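For reference, the structure is listed below as structure tokens.
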Amino acid sequence: MSKKYFSRLEYIDYLIKSKSGGTPQEMARRLNISERTLFETLAHMKDLGAPICYCRHMRVYYYDQRGCFDFKFKRET
């Protein structure tokens, strides 16, 4: 997987945590990807354990539990 893919995951994680991603159409447009790619990416995140939900009333994705993704290498001391 490329650095670009992980950057996309981090940005989606940010949008979901801040509840500012909007509808699937709006989020895909923000990410400059197709809705299909967005849905595939969200499915992958769910496979990795992300509790992603969608609120039809607020029209945003959100996590139903606290947490986040961390895709960076961390050195042990």
Side-chain angles (χ1 to χ4, degrees):
M1 296 195 179
S2 70
K3 184 176 180 179
K4 183 178 177 180
Y5 183 76
F6 287 110
S7 294
R8 178 187 304 153
L9 292 178
E10 287 178 331
Y11 188 43
I12 291 172
D13 177 57
Y14 165 77
L15 292 173
I16 292 173
K17 284 191 300 189
S18 63
K19 297 180 182 171
S20 61
T23 65
Q25 298 84 8
E26 292 166 340
M27 187 181 281
R29 189 173 50 244
R30 267 192 186 153
L31 294 160
N32 199 31
I33 59 175
S34 68
E35 283 183 60
R36 180 180 178 141
T37 299
L38 174 64
F39 292 136
E40 289 171 352
T41 306
L42 291 173
H44 185 221
M45 292 172 76
K46 287 179 182 182
D47 288 344
L48 293 171
I52 300 171
C53 299
Y54 184 75
C55 177
R56 292 176 193 256
H57 176 71
M58 292 176 33
R59 298 171 48 176
V60 294
Y61 287 98
Y62 67 96
Y63 293 130
D64 71 355
Q65 297 174 11
R66 290 180 53 137
C68 67
F69 279 97
D70 188 3
F71 299 107
K72 295 183 176 108
F73 180 78
K74 293 184 181 182
R75 290 182 185 246
E76 294 180 3
T77 56

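What you see is a predicted model; the values in this text were computed from it and never measured.
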Which heavy atom of [X] sits nearest a heavy atom of [Y], and at what distance?
X: L31; Y: Y11; answer: CD2-CD2, 3.0 Å
X: Y54; Y: P24; answer: OH-CD, 3.8 Å
X: G67; Y: K17; answer: O-CD, 3.7 Å
X: R30; Y: G21; answer: NH1-CA, 3.6 Å
X: T41; Y: L9; answer: CG2-CD2, 3.4 Å
X: A50; Y: Y63; answer: CB-CE2, 4.0 Å

Can you pull the salt bridge (Lys or Arg N to Asp or Glu O under 4.0 Å) pairs that have at least one residue in residues 43-69, sequence neighbours excluded?
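Qualifying pairs, neighbours excluded: none.
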Could you measure the distance from the [atom1] atom of [X] to the [atom2] atom of [Y]? Nearest 0.5 Å is fine.
X: E26; Y: L38; atom1: CD; atom2: CG; result: 11.5 Å
X: D13; Y: F6; atom1: CG; atom2: CZ; result: 13.0 Å
X: T23; Y: R29; atom1: OG1; atom2: CZ; result: 7.0 Å
X: R8; Y: M45; atom1: CZ; atom2: CE; result: 11.5 Å

Kindly check if the number of other-residue, nucleotide or ligand heavy atoms within 6.0 Å of CZ (F39) is above 12?
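Result for CZ/F39: enclosed.
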Applying the 4.5 Å side-chain criterion to the ILVMFWY set and letting contacts propagate, would V60 and I33 be lumped into a single cluster?
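No, it is not one cluster - the side chains of V60 and I33 are not joined through contacts under 4.5 Å.
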Report yes or no: do Y61 and M58 belong to one cluster of Ile/Leu/Val/Met/Phe/Trp/Tyr joined by side chain heavy-atom distances under 4.5 Å?
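Unlinked, Y61 and M58 end up in two clusters.
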Test side chain to side chain contact (heavy atoms under 4.5 Å, CB included) applied to E40 - qualifying residues, sequence neighbours left out
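For E40 the side chain to side chain contact (heavy atoms under 4.5 Å, CB included) partners, ignoring immediate neighbours, are R36.
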Which ILVMFWY residues can you reach from Y62 by hopping between side chains whose heavy atoms are under 4.5 Å apart?
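Taking Ile, Leu, Val, Met, Phe, Trp and Tyr as members, Y62 stands alone, with no cluster partners.
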